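Here is the structure we will look at.
Since we're looking at a predicted model, the values are computed, not measured.
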Amino acid sequence: MTSNDRRALLRFLAASPLLAGSWPFAKAAGTAPRLTSAAEALDVFELRDLAQQLVPPAHWGYLQSGVDGDVTLRANEAAFSRYELRGRRFVDVSHVDLSTTVLGTHVASPVFYCPIGSLRAFHPDGELAVAAAAKARGALQILSTQSSYSLEAVTAARGAPVWFQLYTTNRFEVTRKLLKRAESAGCPVVAVTVDLPAGRNTETAARLRREDTRDCSACHTVDAHGNPRLNLAAEPMFQGIDTHGLALTSPSLTWDFIKRLKDATTLKVVIKGIEAGADAELAVEHGADGIIVSNHGGRALESGRATLESLPEVVRGAAGRIPVLMDGGVRRGTDVYKALALGASAVGIGRPYAWGLAAFGQSGVERVLEILNLEFRLAMVGCGARSVREISADSIIARG
Ligand SMILES: Cc1cc2nc3c(=O)[nH]c(=O)nc-3n(C[C@H](O)[C@H](O)[C@H](O)COP(=O)(O)O)c2cc1C
């Protein structure tokens, strides 16, 4: 039986009322949607609930975790409900165009797939399925440094260059090698992630690992407690690189790093993980070509501000000189609309497409985008915006 057959069987069993016993079905008993195809999903939450049945607890914890008590994670999602939309009437909305161009990349809608490391933890096709979905939907995919498939394989599956997410590493000669590889793969943009300089406490992930009784040593190097260890030597993007003493990030970096990066590459440099207006100004000063307002999906600083709340001051700091993208907590098309109304040029999703991936592979990843785009389109219709350019702060109201 192939792993895809096994997943199909699991999905079938998960939908069966007869099986509500032990893991993986126990959690979702009575609550999980009975989906037999991605097309049946009504919203991204149905795919989440199905995914939870299919993904083993340790991997589910890796996906869902924030840090400490997950306060920032919850804030990201909750922030969207603090804004309301102002509907407009008698605008001819018979043609609504969701397409846009971000730093030279033309996309069918402003919703993009964020970088997520190790996507094979959720489906054997991992990043390749995301690439195929991005190709089918004309979407932007940003590939993680910690991808479980190589950049070259993903680019082939996408049929066009992707953007590459770069972890700075603690050795510039390695950073340079990663940049050269991204250049050779035709990536137009590198998104350098700067919000994780020195560790984090992913408590929810650790808690769910306790529930996982599998032997994980076949896929991970594990420590004495069975917890996975970072093993860069085994990762596709670090093949041919001496990983001895190598770390993904470094606590000692300062803004000079961005200048250094700009000097070392022909790619456009987008900084992922900006939250403050002052940092947006510094990003422009140091030559960044774009910004992604992000707090790593609530996986970096705890008790942080929701990215939607950070967005306006970052937009002011950038002052129209470079595009500002955002991610974090986007679960509905109206969330996409609100972020654009507050000045974002494009909006990233992380966990939602991983739910789709876990549930149905490529078609699940596609369905997530399709649902968000359908909802986003209806928000545009209701607010009388016929194109992404027509979405403005006029159509959003902050509550109280
Ligand atoms: C499981 C997981 C792994 C992630 N891995 C990376 C990564 O390798 N590089 C990175 O820049 N961001 C990473 N992120 C952060 C996402 O790119 C994105 O900022 C975040 O998921 C957006 O929030 P959302 O999940 O609420 O949509 C990861 C997020 C998750 C949930």
Arg305/Glu309 salt bridge by N-O under 4.0 Å criterion: no
Any donor-acceptor pair under 3.5 Å from Glu127 side chain to Ser148 backbone: yes
Hphob cluster co-occupancy, Leu301 + Leu282, side-chain heavy atoms under 4.5 angstrom: no
Other residues, nucleotides, ligands: >12 heavy atoms within 6.0 Å of Arg74 CZ: yes
Ring-face cation contact, Phe360 with Arg367, 6.0 Å cut, 45° max: no
Backbone N/O of Asp125 and side chain of His123: donor-acceptor pair under 3.5 Å: yes
Thr307 and Asn295: side chain donor to acceptor below 3.5 Å: no
Other cluster members, Val107 - Ile/Leu/Val/Met/Phe/Trp/Tyr, side-chain contacts below 4.5 Å: Val102, Leu103, Phe112, Leu140, Ile142, Trp163, Val189, Val270, Ile292, Leu325
Short N-O contact, Asp43 and Arg332, less than 4.0 angstrom: yes
Note: Glu370-Arg137 ion pair, threshold 4.0 Å (strictly below): yes
Same apolar cluster (I L V M F W Y, side chains within < 4.5 Å links), Leu230/Met237: yes
Linked, directly or transitively: Tyr83 and Leu378 (ILVMFWY side chains, under 4.5 Å): no
Shortest non-hydrogen contact between Gly117 and Tyr62, atoms and distance: O-OH, 2.6 Å
Residues Thr175, Thr169; criterion side-chain hydrogen bond (donor to acceptor under 3.5 Å, both in side chains); working and verdict: CA-CA 6 Å; Thr175 313; Thr169 84; 2.9 Å; yes
Flag side-chain contact, heavy atom, 4.5 Å: Leu248 against Gln146: yes
Carboxylate-amine/guanidinium contact Arg181 Glu152, below 4.0 Å: yes
Pairing of Lys262 and Asp289 as salt bridge, 4.0 angstrom limit: yes
